[in-house]
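Report on the following structure.
Atom set for the values below is all heavy atoms of this structure, side chains included, hydrogens, waters and symmetry mates excluded. Letters A, B, ... are given to chains in the order of the sequence lines, protein chains preceding strands, and every chain is numbered from 1.
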There are 2 protein chains.
Amino acid sequence: MPKSALRQQLNLSEAVEDYLKAIYQLHEAAQRAGETSARVTTTALAGALGVAPGSVTGMIKKLADDGLVNHRPYYGVDLTATGERLALEIVRHHRLLELYLTLVVGFGWDEVHEQADALEHAISEEFEDRIDSILGGPTVDPHGDPIPSKEGLLPEMVALPLSQCAPDAARALVIARVLTQATDLLRYLAGLGLVPGARIVLLGREPFDGPLHVRVVGDDDTPHAISFQVASLLSIAAPDPDTPH
Amino acid sequence: MPKSALRQQLNLSEAVEDYLKAIYQLHEAAQRAGETSARVTTTALAGALGVAPGSVTGMIKKLADDGLVNHRPYYGVDLTATGERLALEIVRHHRLLELYLTLVVGFGWDEVHEQADALEHAISEEFEDRIDSILGGPTVDPHGDPIPSKEGLLPEMVALPLSQCAPDAARALVIARVLTQATDLLRYLAGLGLVPGARIVLLGREPFDGPLHVRVVGDDDTPHAISFQVASLLSIAAPDPDTPH
DNA sequence: AAGCAGATTTTGGCATACCTCAATAGTAAC
DNA sequence: GTTACTATTGAGGTATGCCAAAATCTGCTT
């Protein structure tokens, strides 16, 4: 029995898949934010899913009965090993679809999130395998988010928010990942050339979490000022010592 | 307001979309079979959808309330103009997807039906438009079934079941359409070369609705015997007087 | 250190969309 | 007109959602 067919064996409802994915992603975001106990709260889930908190409690109880989450009442939830496997299968679908929709079907990176949300529940394992091979076994989606492998392993990414980088006019930084799915923001960033893979120089920054001055290498070289909040959504892959400027 | 956005405006449930499509297709099949009053019965719908007859009655009442079908109790249903428009949008999704999955994603014609059933509810109008243009505005799917236009018009097909054709060893017939979605049967037919576009010669036929003897032009020229039932699923486009043999 | 206020979570009652099954109602053909 | 089929009704089930009341937690204030 192939390990990765779990999702189709269990025949989860769309609602269940959405909950698992949301729990996974909130957990991940909390870890990224450096929180010690990466617990996921009822309210956070309700907000992410657009449902009332009461509905979340009900569903969580069901998921706990089914062994997909651990629930500590009045505290939070947590995926079990099985739950995480399933969540990763869904995230894999989502990210493969986002990449497929941009590279093959021709959508912009600001258009694919909603469509992938709808399609991720509908595609077969065979379709997943086909687009994976059409895309050449990709490891990141158009936003730089890592694509879990069929076995449920995430490519490890060491990344630091641009907002925490020190200015260094002599060093190019590579954007690894853009941590938003907001259409408007994605369009704004694409307009500035701030996309995964872009090389930028952090020229300077204003104090008190003020704007950062950046230049996109290979662009028209105009410096741009971006807010601290936006900078905190840009993950920097690693300093690139070979190519100063 | 673009006419064809009806489906997304109304935000139909998957169940409703399935009912509308099934009613449309049963109606179409009845017409093809030459039935005078192309009524669709509760049992036929229940069979097509895999639900109990009682469930069908309930849903039909809802659809009638919503103005999508006309219901004459104890007799049958019938799509209204709106219902038919919606059904055609769904059929368009389905058939475009079947073609896309075969031509672009690389699935066999026997594999695409179930997948298209799942995806047809999930794709956006934009995705529909993209694959339509990637495929060059196709008019038939891999089985030869006509693809409704964006405006809800069906390409007219004049076609006769092979089972009603007279043998004529000097005339090639073109298969226009294969009226089944059964995986096994599709594989059997593909094995014999009996696919849309194939040119065949009807060499003879046994009496009392017995097997038909056919030869596929351009094949290894071996004659094959196919059952009357199978022959009735093959639609012949038109005699082709230019290419005897 | 205790208690209280405010926020969060759970509970319980109810709604909707589907579905099933079994009983009843209608139709149609001999 | 009785029989055999088909359709509808009604009671009841599951999955999911909402709201408002009750329970619990947390952190501030003294």
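- Closest to the Pro73(B) side chain, of the nucleotides dT10(C), dC19(C), dT8(D), is dT8(D).
- A distance-only check finds no donor-acceptor pair linking the side chain of His27(A) to the backbone of Asp78(A) [under 3.5 Å].
- The interatomic distance linking Leu45(B) (CG) with dC19(C) (C1') rounds to 15 Å, in whole Å.
- Rounded to whole Å, the distance from CE on Met59(B) to C1' on dT16(C) is 12 Å.
- Checking Glu89(A), Glu128(A), Glu120(A), Glu17(A) one by one against Arg7(A), the salt bridge (charged side-chain N to carboxylate O under 4.0 Å, His left out) holds for a single residue, Glu17(A).
- Per the geometry, OH belonging to Tyr75(A) stands 13 Å off P belonging to dT10(C), to the nearest Å.
- Distance from the side chain of Val16(A) is smallest for dT16(D) among the nucleotides dT16(D), dT10(C), dT20(C).
- Checking side-chain atoms of Arg95(A) against main-chain N and O of Pro146(A) turns up a donor-acceptor pair under 3.5 Å.
- Proximity of Tyr19(B) to the phosphate of dC19(C): a side-chain N or O atom is located under 4.0 Å from OP1 or OP2.
- Between dT16(D) and Lys62(A), a contact under 4.0 Å exists linking OP1 or OP2 to a side-chain N or O.
- Closest contact between the side chain of Ala52(A) and the listed nucleotides dC18(C), dT24(D), dC19(D) involves dC19(D).
- Regarding Asp66(B), its CG atom lies at a distance of 13 Å from the C1' atom of dT16(C), rounded to whole Å.
- We find that CG of Asp65(B) is positioned 14 Å from P of dT16(C), with the value rounded to whole Å.
- Out of dC19(C), dC25(D), dT9(D), the shortest distance to the side chain of Lys61(B) is found at dT9(D).
- Using a 4.0 Å heavy-atom criterion, one finds that Thr42(A) contacts the sugar-phosphate atoms exclusively.
- Distance Leu49(B) CG to dC19(C) P: 8 Å, rounded to the nearest Å.
- Taking every side-chain heavy atom of Thr57(B) into account, dT8(D) is the closest of dT8(D), dT11(C), dG17(D).
- Asp18(A) places its CG atom 14 Å from the C1' atom of dA15(D), with the value rounded to the nearest Å.
- For dC18(C), the OP1/OP2 oxygens have a side-chain nitrogen or oxygen of Ser13(B) closer than 4.0 Å.
- Using a 3.5 Å distance cut-off with no hydrogens or angles, the side chains of Asp18(A) and His121(A) do pair a donor with an acceptor.
- No hydrogens or angles considered: a donor-acceptor pair under 3.5 Å links the side chains of His94(A) and Glu98(A).
- The residue among Gly76(B) and Ala15(A) whose nearest nucleotide of DNA chain D is located toward the 5' end is Gly76(B).
- Atom CZ of Arg72(B) and atom C1' of dT8(D) are 16 Å apart (whole Å).
- The residue Ser55(B) sits close to a base: some heavy atom pair falls under 4.0 Å.
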